[in-house]
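All residue numbers in this chain count up from 1 along the given sequence. Whatever order the structure lists them in is the order used to number ligands and atoms, beginning at 1.
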Amino acid sequence: MKTEIIKIEKNDSGALTLGDIEAIERAGRMIKEGGLVAFPTETVYGLGGNALDPESSKKIYAAKGRPSDNPLIVHISEWEDIYKIAKNVPGEAKLLADTFWPGPLTMILKKSEIVPKETTGGLDTVAVRYPSDIVAKKLIESAGGFVAAPSANISGKPSPTEAKYVCEDMDGRICAIIDGGEGEIGLESTIVDLTVSPPQILRPGFITAEMLGSVLGQEIKVDKAILNPDSNLKPRAPGMKYRHYAPSGELVIVEGDDEKVIEKISKLLKEDKEKGIKTGVMVCEEHKEKYDADVIKITGKRGDQKEAAHRLYSILRSFDDEDVRSIYSESFSDKGFGAAIMNRLLKAAGHKVISCK
Ligand code: AMP
Ligand code: MG
């Protein structure tokens with residue numbers, strides 16, 4: 001299959017041009033006809049198909065090589081559409097939507113009959129998100145209103161934050177890729193489960209536990225199984241049990257006091273170099289001069305969580321592009337948005353962490 005690349009131009013004020021609208025409407029028709037189209041959102045690029053068509057969902061799993069028990073998120077372009085695909089929608093959903101939608105928040109609700117089990121990985125719940133990106137919104141609307149869209153990467157690889165990474169993974173497998181530039185946030189949406197009381201976070205993201213808690217007036221906790229690698233607990237978001245986001249080189253996180261971390265990483269780099277292994281580091285701006293690695297990637301100024309999240313996946317992919325075999329990352333605070341960054345980084349590293357005392 002030839003994959004068409006559709007470039008979004010936007011005008012000076014950031015609005016879609018008439019040409020953009022026409023092209024997105026055409027892509028929407030491809031989805032309506034059972035095809036798959038990758039598109040930008042404010043989090044990462046999604047791989048979209050008609051969420052109400054079991055055959056389209058099967059095509060998504062096939063294109064990604066994704067296990068079919070890992071459910072898809074259904075994207076909508078009007079808040080009221082939640083009532084068409086979910087039932088017993090609690091008041092909390094409206095409160096959260098009023099504050100955080102459109103935006104990077106996914107809610108888990110009881111599914112209605114029109115959502116096929118192929119889309120929900122066999123579950124009787126459905127994940128719903130209303131994204132804010134204007135290209136995403138227009139595409140969902142043009143495709144009929146319900147677009148199942150996991151991240152547009154081959155299963156296990158870092159989620160794509162730019163169209164070129166979607167192309168690397170999906171060229172020849174899908175009808176089209178809409179290139180709308182870089183996603184602003186860079187990490188996938190926060191997932192909150194509203195079928196349990198109190199609601200629980202199944203995947204941390206830009207919308208933090210504190211933000212959800214302050215709207216709902218109660219403390220919101222994160223599913224314990226995703227924070228603890230040694231636990232026998234099963235994560236409640238099926239996708240969180242899979243190895244994810246991983247570069248093909250070996251990634252290790254080194255945590256502790258600055259000086260100790262620099263000393264430890266430097267020692268490891270030296271050992272690798274002696275063995276002739278190509279090395280890389282992921283470090284803050286302030287430490288970039290401290291390391292003698294073949295490839296040095298900067299996560300941003302120290303403590304700048306937004307920048308680190310925004311850069312994380314493209315850094316992980318670029319280590320692969322440069323064929324780095326041994327990668328060391330400094331650690332991040334796990335407070336606020338940092339919980340999402342550390343969750344993804346730990347998964348990418350297969351939970352390999354060295355603590356310096
Ligand atoms: P991705 O589409 O790549 O962003 O991944 C979607 C994530 O949402 C995966 O971790 C899924 O397991 C999770 N998810 C989707 N639907 C549900 C659901 N009904 N219940 C729990 N988790 C879900
Ligand atoms: Mg994904």
Walk me through it: do Glu307 and Glu285 pass the test side-chain contact (heavy atoms from CB on, under 4.5 Å)? CA-CA 11 Å; Glu307 195 57 41; Glu285 174 81 43; over 6 Å; no
Counting no waters, how many protein N/O/S atoms sit under 2.8 Å from the Mg ion (ligand 2)? 1
Nearest-neighbour protein heavy atom for atom 10 (O) of ligand 1, which is reported as residue plus atom name and distance: Gly239 CA, 3.3 Å
Could you tell me whether Leu123 approaches ligand 1 through its side chain, its backbone, both or neither, with non-hydrogen atoms closer than 4.0 Å? side chain
Number the atoms of ligand 1 from 1 as they appear, then name those within less than 4.0 Å of a heavy atom of Thr125, with their elements. 18 (C), 19 (N), 20 (N)
Where is the nearest protein heavy atom to atom 21 (C) of ligand 1: which residue, which atom, and how far? Arg236 O, 3.6 Å
Before accepting this row, confirm whether a basic side-chain N of the pair Glu55/Lys58 lies closer than 4.0 Å to the acidic partner's carboxylate O. yes
Does a side-chain N-to-carboxylate-O contact under 4.0 Å join Lys273 and Asp292? yes
N/O of Ile108 under 3.5 Å from N/O of ligand 1, yes or no? no
Do Glu322 and Lys297 meet the salt-bridge criterion of a basic N to acidic O distance under 4.0 Å? yes
With backbone taken as N, CA, C and O and side chain as the heavy atoms from C-beta onward, which portion of Asp193 lies under 4.0 Å from ligand 1: side chain, backbone, both, or neither? neither
Looking only at protein heavy atoms, what sits closest to atom 6 (C) of ligand 1 is Arg66 NH2, 3.6 Å
Identity of the nearest option to atom 15 (C) of ligand 1, non-hydrogen atoms only, from Ser151, Gly122, Pro71, Ala152: Pro71
Hey, are Asp321 and Lys164 close enough for a salt bridge, meaning a charged N less than 4.0 Å from a carboxylate O? no
Residues Asp133 and Thr41: side-chain donor-acceptor under 3.5 angstrom: no
Answer yes or no: does an N/O atom from Lys64 fall short of 3.5 Å to an N/O atom of ligand 1? no
Considering heavy atoms of the protein only, find what lies nearest to atom 13 (C) of ligand 1 and give residue, atom and distance to 0.1 Å. Ile191 CD1, 3.7 Å
Is Lys111 in contact with ligand 1, taking contact as a heavy-atom separation below 4.0 Å? no
Below 3.5 angstrom, do we get any N/O pair linking Glu188 and ligand 1? no
Please work out which of Gly121, Pro150, Ala127, Gly205 has its closest non-hydrogen atom nearest to atom 2 (O) of ligand 1. Pro150
Would you please name every residue forming a salt bridge (charged side-chain N to carboxylate O under 4.0 Å, His left out) with Glu271, sequence neighbours left out? Lys267
Does ligand 1 have a heavy atom under 4.0 Å from the side chain of Met107, from its backbone, from both, or from neither? neither
I need the contact type for Asn70 against ligand 1. Using non-hydrogen atoms and a strict under-4.0 Å cut-off, is it side chain, backbone, both or neither? side chain
Roughly how far apart are Tyr45 OH and Asp179 CG, rounded to 0.5 Å? 4.5 Å
For atom 4 (O) of ligand 1, what is the nearest protein heavy atom, given as residue, atom name and distance? Arg203 NH1, 3.0 Å
Fellow cluster residues of Met1, listed by chain then number, with links counted only when side-chain atoms sit under 4.5 Å apart: none
Charged N-O contact under 4.0 Å between Glu330 and Arg302: no
Using distance alone, with no hydrogens and no angle criterion, decide if Glu255 and Ser355 have a side-chain donor and acceptor under 3.5 Å apart. yes
Does this structure show an ion pair linking Glu113 with Lys87, if we count only N-O contacts that are shorter than 4.0 Å? yes
Between Asp20 and Thr17: side-chain donor-acceptor atoms closer than 3.5 Å: yes
To which residues is Val254 joined in a hydrophobic cluster, defined by side-chain heavy-atom contacts under 4.5 Å among Ile, Leu, Val, Met, Phe, Trp and Tyr, whether direct or through other members? Val252, Val261, Ile262, Ile265, Leu268, Leu269, Val281, Val283, Tyr291, Ile296, Tyr328, Ile354
